[in-house]
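One structure is given here, and the rest of the page talks about it.
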Protein chains: 2
Amino acid sequence: MNKRITIKQIAKALGVSISTVSKALNDSYEISDETKAKIQEYAKLHKYKPNTLALSLQNKKTKTIGILIPNILNYYFARALRGIEKVATEKGYSIITCITNESYEKEVETMEMLSNGTIDGFVACVSVETLKLKKFDHFHDILEEETPIVLYDRAHKDIKCDKVVTDNIKSAYKATRFLMKSGCKDIAIISTSEGLNINKFRIKGYLKALTKYGVTPNENLIIKQDNEINLIERINNMLDNNKVDGIFSVDEVSGAIATQVLNKRNVKIPEEVSIIGFTNGLLSRYGSPPLTSVNRFAHTTGEVAATRLIDKLEGKIKFDDIKTEIIKTKLVERESTKKLFIKF
Amino acid sequence: MNKRITIKQIAKALGVSISTVSKALNDSYEISDETKAKIQEYAKLHKYKPNTLALSLQNKKTKTIGILIPNILNYYFARALRGIEKVATEKGYSIITCITNESYEKEVETMEMLSNGTIDGFVACVSVETLKLKKFDHFHDILEEETPIVLYDRAHKDIKCDKVVTDNIKSAYKATRFLMKSGCKDIAIISTSEGLNINKFRIKGYLKALTKYGVTPNENLIIKQDNEINLIERINNMLDNNKVDGIFSVDEVSGAIATQVLNKRNVKIPEEVSIIGFTNGLLSRYGSPPLTSVNRFAHTTGEVAATRLIDKLEGKIKFDDIKTEIIKTKLVERESTKKLFIKF
DNA sequence: TTGAAAGCGCTAACAG
DNA sequence: CTGTTAGCGCTTTCAA
């Protein structure tokens, strides 16, 4: 950002006015072809590039959007980011990506910092901590200034803005039903971010499926906790004391851990115990065995969220026109479940 | 970015001049405590926030750095990003993260776009395609404008700037030696991004270790290709036609795939075949069995790179003072290799 | 202690 | 067709 040439310098060098240069560079009809050519040539020669900052200041638009990601090591978010990024680039927007590390404070700080004219709008996923604390004032403040926000994946009804989410209850319902149809009777569920409402929904879907098919839920087969600590012990413990022939893991990592535990116990997957995971990421794909998993179309989610935001920024949708879009999921069969011959 | 209040409005509302407000807000000694109090109070009340754009335009500094990531689904890069982000935040910098998807064109576009005053400097990792094409003009151009760049992980000697890299030869040497010391005689190596010079270095380290310990490298045990297509077949093929008791995977995914293949063939890991992976990510940690792996300290790499860049931006280091920092690796033992009793 | 004015790089209305 | 001027939001001399 040092030796960069400005419009002013070009004007001086060529003995024309600043506005002539500006217009010539913008290929305005007002300028003669001759002058235009001269100016454009000089600009190219000296690698002129307009200063984005000055432009943004002028237009009151930055053409950049702020992205909030709770945890970039999570496959789902990384994929979603790609989707957002793709759409943004296509439509000429840059993105500023910020990682909140599931921290409320970081989230607040970041949003404060960016909403100073740096970005035109947000695509955000609420952090676990924020969801637990139920403090959403930072969202309200920004929305009040008419800066649009699109929430993806994790949302909360108290934040009144556009949302793009997974149908968690239904997906969990279908995954559980799949296990039952493939012959599982004693299906356990593992959830490791109990604070998340979306995981509660998944448990709800699981319970709904059991009930629907006349199975009484067994408290001992439900492992809910807030982290991965001791998960191995708890699974071993459950396996020691209960009959289990199916496991539904509500996130990728616990699916992988369950697989490790079963392999270690020399339990045959899927012959003795089937596993279904949630979020069809690298761990599911490259596990031993590869896991049957609920694919959540993270990339699509990102695309839809970014599209919605940009449409709003460009006035195609009114600020107050709020919508929640639901992204369907699809079960991807791999080797951790028994083959089903009847589709349903 | 709508109803935001400006310094001008405050000035009018309070019947003082713009510069008085500016000074008061910056707590200047020139302004009486009384006026200051009045202005600051009003500002707080109306949630005044300075417009970052205007500030940057004024200061010719944006306090943001551009990050280039080839592939965010790669654990190493995701971790590195966290490291960069951490340091940047600590030092009051924002980051703009851009994903190049290993594409030359995307890389060029992105760097062009950002070097218009949007960012003060870059922390970048060169894409595979760029490395193959050996076209580095976009880097040269930016460096010529005295915009600092710090390259991390993948670098090239033709780009004259700061670098933070892994000692690939040595790490591969040590990993291979570890396999030999644990009793492996016929050690295969798998590399799936042949275009990458860093992978060539890893193969070099592997060969060096074999030679050093008197083992003649066997061409049939070296799988090099540019992607993951047919990798399963090739590994199976290799296993069918050769004696193999150790596998060194030069990246995470091929480590996971090798594990899948061995498990499928009911080969006992590590009793019959040992595996060592490179980059100690989720796949190594949560695999079945968990993989012994070369930990590359991606987080540290990111921290070091960001620190270097910011030091340069803040004039602590001269622009022309160029350095390559090498981040050491460490072998993390897990269950895919036999225990060693003699440390070396 | 306060304010007027110039300027960061650029655009746009208006005059010439 | 070209130039003058004002202004985006802010800081910073320099005067008052």
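Here is the naming used below: chain letters follow the sequence lines, and residue numbers restart at 1 for every chain.
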Show the distances under 3.5 angstrom between N or O atoms of the protein and N or O atoms of nucleotides 13-16 of chain D.
none

Query - Closest approach of B/Phe319 to B/Leu143 (non-hydrogen atoms, all atoms of both residues) - result: CZ-O, 3.3 Å

Query raised in the report: In whole angstroms, how far is the P atom of C/dT11 from the CG atom of A/Leu55?
Result: 5 Å

Requested in this report: Measure from the side-chain heavy atoms of B/Ser17 and tell me the nearest of C/dG3, D/dC8, C/dT2.
Outcome: C/dG3

Requested in this report: Check every atom of C/dG9, D/dG9, C/dT1 against the side chain of B/Lys60 and return the nucleotide holding the closest atom.
Outcome: C/dG9

Report task. Using the six-membered ring wherever Trp is involved, compare the ring planes of A/Tyr152 and A/Phe77 and label them parallel, tilted or perpendicular (cut-offs 30° and 60°). Result -> perpendicular

Query raised in the report: Within the pair A/Tyr29 and D/dT2, is there a side-chain N or O less than 4.0 Å away from OP1 or OP2?
Result: no

Report task. Respond yes when some side-chain nitrogen or oxygen of B/Ser22 is under 4.0 Å from OP1 or OP2 of D/dC10, and no when none is. Result -> no

Query raised in the report: Which is true for B/Thr35 with a 4.0 Å heavy-atom rule: it touches a base, it touches only sugar-phosphate, or it touches nothing?
Result: sugar-phosphate

Query - A/Ser17-A/Thr20 side chain donor-acceptor pair, cut-off 3.5 Å - result: yes

Requested in this report: Using a heavy-atom cut-off of under 4.0 Å over every strand shown, decide if B/Thr6 touches base, sugar-phosphate, or nothing.
Outcome: sugar-phosphate

Report task. May I ask you to verify if any side-chain N or O of B/Asn26 is less than 4.0 angstrom from the OP1 or OP2 atom of D/dT11? Result -> yes

**Report entry** Side-chain donor-acceptor pair present, B/Glu314, B/Tyr93, cut-off under 3.5 Å
**Finding:** yes

Report summary line: From the candidates C/dC8, D/dG9, C/dC10, the one with an atom nearest any side-chain atom of A/Lys8 is C/dC8

Query raised in the report: Got a donor-acceptor contact below 3.5 angstrom from the A/Thr130 side chain to the A/Val126 backbone?
Result: no

Query raised in the report: Any chance the rings of B/Phe139 and B/His156 have centres within less than 6.0 Å?
Result: no

Query raised in the report: Under 4.0 Å between a side-chain N/O of B/Ser32 and OP1 or OP2 of C/dT1, yes or no?
Result: no

Report task. Look at all strands and tell whether A/Asn59 reaches a base, only sugar-phosphate, or nothing, counting heavy atoms closer than 4.0 Å. Result -> nothing

